[in-house]
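See structure below.
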2 protein chains.
Amino acid sequence: MIVSKICLPLPCIMARNVEFDEQLAISKAMDVFWKKGYNGTTMRDLTEAMGINSSSLYNTIGDKHQLFVKSIKHYTESRMDAAKKQLQQITSPLKAIEKYINASVYTITNEPNSCLAIKTTFEVATGDAEVQKIIRADSEFTYQLLIGLVNKAIEKKEIKVSQDAEMLTDYIINHFTGWHESFIIHRDKTRIKKTAQFLIEQLSQ
Amino acid sequence: MIVSKICLPLPCIMARNVEFDEQLAISKAMDVFWKKGYNGTTMRDLTEAMGINSSSLYNTIGDKHQLFVKSIKHYTESRMDAAKKQLQQITSPLKAIEKYINASVYTITNEPNSCLAIKTTFEVATGDAEVQKIIRADSEFTYQLLIGLVNKAIEKKEIKVSQDAEMLTDYIINHFTGWHESFIIHRDKTRIKKTAQFLIEQLSQ
DNA sequence: CCTTTTTTGAAACAAACGTTTTATAATTAT
DNA sequence: ATAATTATAAAACGTTTGTTTCAAAAAAGG
């Protein structure tokens with residue numbers, strides 16, 4: 001055992017391969033954390049949903065906290081990929097911002113659970129540096145994506161409301177969390193769509 | 001015991017009074033839930049902070065969930081009282097809206113914990129009808145408070161940006177949650193103050 | 001004072017928690 | 001085939017969980 005630890009990262013002699021698909025298992029775990037939150041999820045919830053034994057879990061992925069970290073990484077990375085693909089073929093920067101806003105509204109008002117990143121921010125990010133780092137990276141990605149579009153939109157004079165691209169980017173992003181909260185409380189798509197429409201009008205004027 | 005339950009609400013014969021101040025104890029419990037969340041808080045956390053034994057707790061207030069319900073009620077009711085007092089002597093409705101926004105920004109960027117109502121919304125409101133009802137009542141209070149001001153501001157032509165008071169009220173309220181999230185992630189007061197200033201300018205224009 | 005009723009503190013409760021151990025099955029290299 | 005190594009499943013680990021019990025203390029009415 002000691003020998004195999006020293007000659008990492010690959011074990012010297014292979015004996016048996018892991019049976020389950022780790023990425024798939026993490027994706028299943030993510031769904032549980034998404035629904036129940038970190039503290040509301042038990043290891044038995046996780047192993048049951050993942051379809052693996054706890055010994056296999058601890059041998060490959062690690063403990064509950066490591067699994068949570070990998071789950072929210074999986075969540076944020078999937079979302080970043082989707083966002084990149086979504087906007088790559090739009091020529092007008094303002095139209096791209098509109099599309100991003102409308103796509104967010106659609107997700108907010110049609111997904112069964114609220115955003116995992118936001119739930120995590122309010123539940124554990126304050127007291128968990130490792131989690132906070134992932135959340136911050138996810139936030140920074142959205143910020144960079146949008147500020148690129150905002151800058152181009154200002155250059156092209158598609159936005160006249162303000163010249164402060166950084167503030168305007170913060171201002172746009174700021175709406176998403178409120179829409180999530182509103183939908184949890186009221187379950188009213190129209191209220192959210194109306195304020196989103198107003199935000200877009202404000203930018204376009 | 002059956003007899004004393006029948007002749008409720010007051011017991012027929014008093015024997016000994018509760019030693020601790022129930023409102024104070026609930027306030028202490030609220031602080032723990034505020035910091036750790038519902039699932040992150042244990043009964044031992046609570047009894048320790050409240051300075052009472054669990055038997056006394058169960059005899060007077062009830063179980064963990066009932067204590068949580070009373071804690072968030074205490075939170076929301078305190079906040080409603082403060083909001084009412086804050087705005088009662090302002091003549092200009094737009095100035096009152098500005099004051100409400102600025103007071104919220106101050107709280108967001110100076111309190112050690114993020115808003116308990118928002119944390120609760122994202123942690124447990126979806127799956128807990130009793131909690132959701134309290135959260136919805138709190139939300140409705142803020143909504144009614146602000147829509148009154150927005151309507152007056154539109155009447156007085158202090159707001160020209162839109163005639164749709166309901167949408168505009170949702171739009172204003174929607175910012176608060178995002179500011180909370182932003183402050184958890186970035187701890188940057190200036191970013192929040194700038195977007196708040198921009199929101200006020202948008203309304204005032 | 002004495003009886004009655006209730007609160008209190010400490011201990012105890014079963015169940016559930018996150019995690020580890022152990023024995024067995026499976027796989028690869030020799 | 002055999003030896004070596006690892007993944008797996010089931011059971012067990014010691015703690016901690018939310019909650020209850022129980023004896024003792026306290027206070028009210030008779």
Side-chain angles (χ1 to χ4, degrees), chain A residues 1-26 28-29 32-33 36-71 124 128 130-131, chain B residues 1-26 28-29 32-33 36-71 124 128 130-131:
Chain A
M1 295 104 182
I2 293 165
V3 175
S4 73
K5 293 228 175 189
I6 287 173
C7 61
L8 283 171
L10 286 176
C12 301
I13 302 164
M14 293 288 280
R16 186 180 168 184
N17 297 323
V18 178
E19 255 180 22
F20 66 95
D21 179 348
E22 188 168 319
Q23 278 312 111
L24 185 69
I26 288 171
K28 301 267 189 192
V32 182
F33 282 128
K36 302 193 164 196
Y38 179 72
N39 289 309
T41 299
T42 71
M43 289 302 287
R44 278 156 187 87
D45 289 336
L46 293 165
T47 51
E48 196 179 328
M50 298 163 88
I52 62 172
N53 192 273
S54 62
S55 69
S56 299
L57 212 179
Y58 278 83
N59 267 337
T60 51
I61 295 167
D63 62 13
K64 185 187 179 185
H65 189 263
Q66 289 174 278
L67 177 56
F68 182 68
V69 165
K70 289 183 181 176
S71 294
V124 292
D128 187 326
E130 195 175 0
V131 167
Chain B
M1 292 107 182
I2 293 165
V3 176
S4 73
K5 293 227 173 186
I6 287 172
C7 61
L8 282 170
L10 285 174
C12 301
I13 301 164
M14 293 287 280
R16 186 180 167 183
N17 297 324
V18 178
E19 252 180 23
F20 65 95
D21 178 347
E22 188 168 318
Q23 278 313 110
L24 186 68
I26 288 172
K28 301 266 189 193
V32 182
F33 282 127
K36 301 194 165 194
Y38 180 72
N39 289 308
T41 299
T42 72
M43 289 302 289
R44 276 155 188 86
D45 290 336
L46 292 165
T47 51
E48 196 179 326
M50 298 164 87
I52 62 171
N53 191 272
S54 61
S55 69
S56 300
L57 212 180
Y58 278 82
N59 267 335
T60 52
I61 295 168
D63 62 14
K64 186 187 179 186
H65 188 263
Q66 290 174 277
L67 177 55
F68 182 68
V69 165
K70 289 184 180 174
S71 294
V124 293
D128 188 326
E130 195 174 0
V131 167

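Below, read A as the first sequence line, B as the second, and so on, with proteins coming before strands; counting in each chain starts at 1.
- Here the P atom of nucleotide D/dT19 and the CG atom of B/L57 are 10 Å apart, to the nearest Å.
- Protein atom CD1 of A/I61 is 15 Å distant from nucleotide atom C1' of C/dT19, rounded to whole Å.
- Atom CE in B/M50 sits roughly 13 Å away from atom P in C/dG9 (whole-Å rounding).
- Rounded to whole angstrom, the span from the CG atom of A/N39 across to the P atom of D/dT16 amounts to 16 Å.
- Phosphate contact (OP1/OP2 of C/dA16, side-chain N/O of A/T42, threshold under 4.0 Å): absent.
- Distance B/Y58 OH to C/dC13 C1': 12 Å, rounded to the nearest Å.
- Closest-nucleotide positions on DNA chain D for B/M43 and A/G51 were compared, and the one nearer the 5' end corresponds to A/G51.
- Across the protein-nucleic acid pair, B/K64 atom NZ and D/dT19 atom P stand 8 Å apart, rounded to whole Å.
- Here B/T47 lies out of heavy-atom contact (under 4.0 Å) with every strand.
- Applying the side chain to side chain donor-acceptor pair (under 3.5 Å) criterion to B/N59, with sequence neighbours excluded, gives no partner residue.
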query = Once each nucleotide of nucleotides 10-15 of chain D is scored for protein heavy atoms under 4.0 Å, what B/S/- sequence comes out, 5' to 3'?
reply = B-B---

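- Evaluation of the side chain to side chain donor-acceptor pair (under 3.5 Å) rule for A/K70 yields no partner, not counting sequence neighbours.
- Classified by interplanar angle (parallel below 30°, tilted 30° to 60°, perpendicular above 60°), the ring pair B/F33/B/F68 is perpendicular.
- With sequence neighbours excluded, no residue forms a side chain to side chain donor-acceptor pair (under 3.5 Å) with B/T47.
- The separation between B/N59 atom CG and C/dT5 atom P is 16 Å, rounded to whole Å.
- Distance NE2 (B/H65) to P (D/dT19): 11 Å, rounded to an integer number of Å.
- Every residue two or more places apart in sequence or in another chain was checked for a salt bridge (charged side-chain N to carboxylate O under 4.0 Å, His left out) with A/D63, and none qualifies.
- B/K36 pairs by the salt bridge (charged side-chain N to carboxylate O under 4.0 Å, His left out) definition with B/D45, not counting sequence neighbours.
- Around atom CD of B/Q66, more than 12 heavy atoms belonging to other residues, nucleotides or ligands sit under 6.0 Å away.
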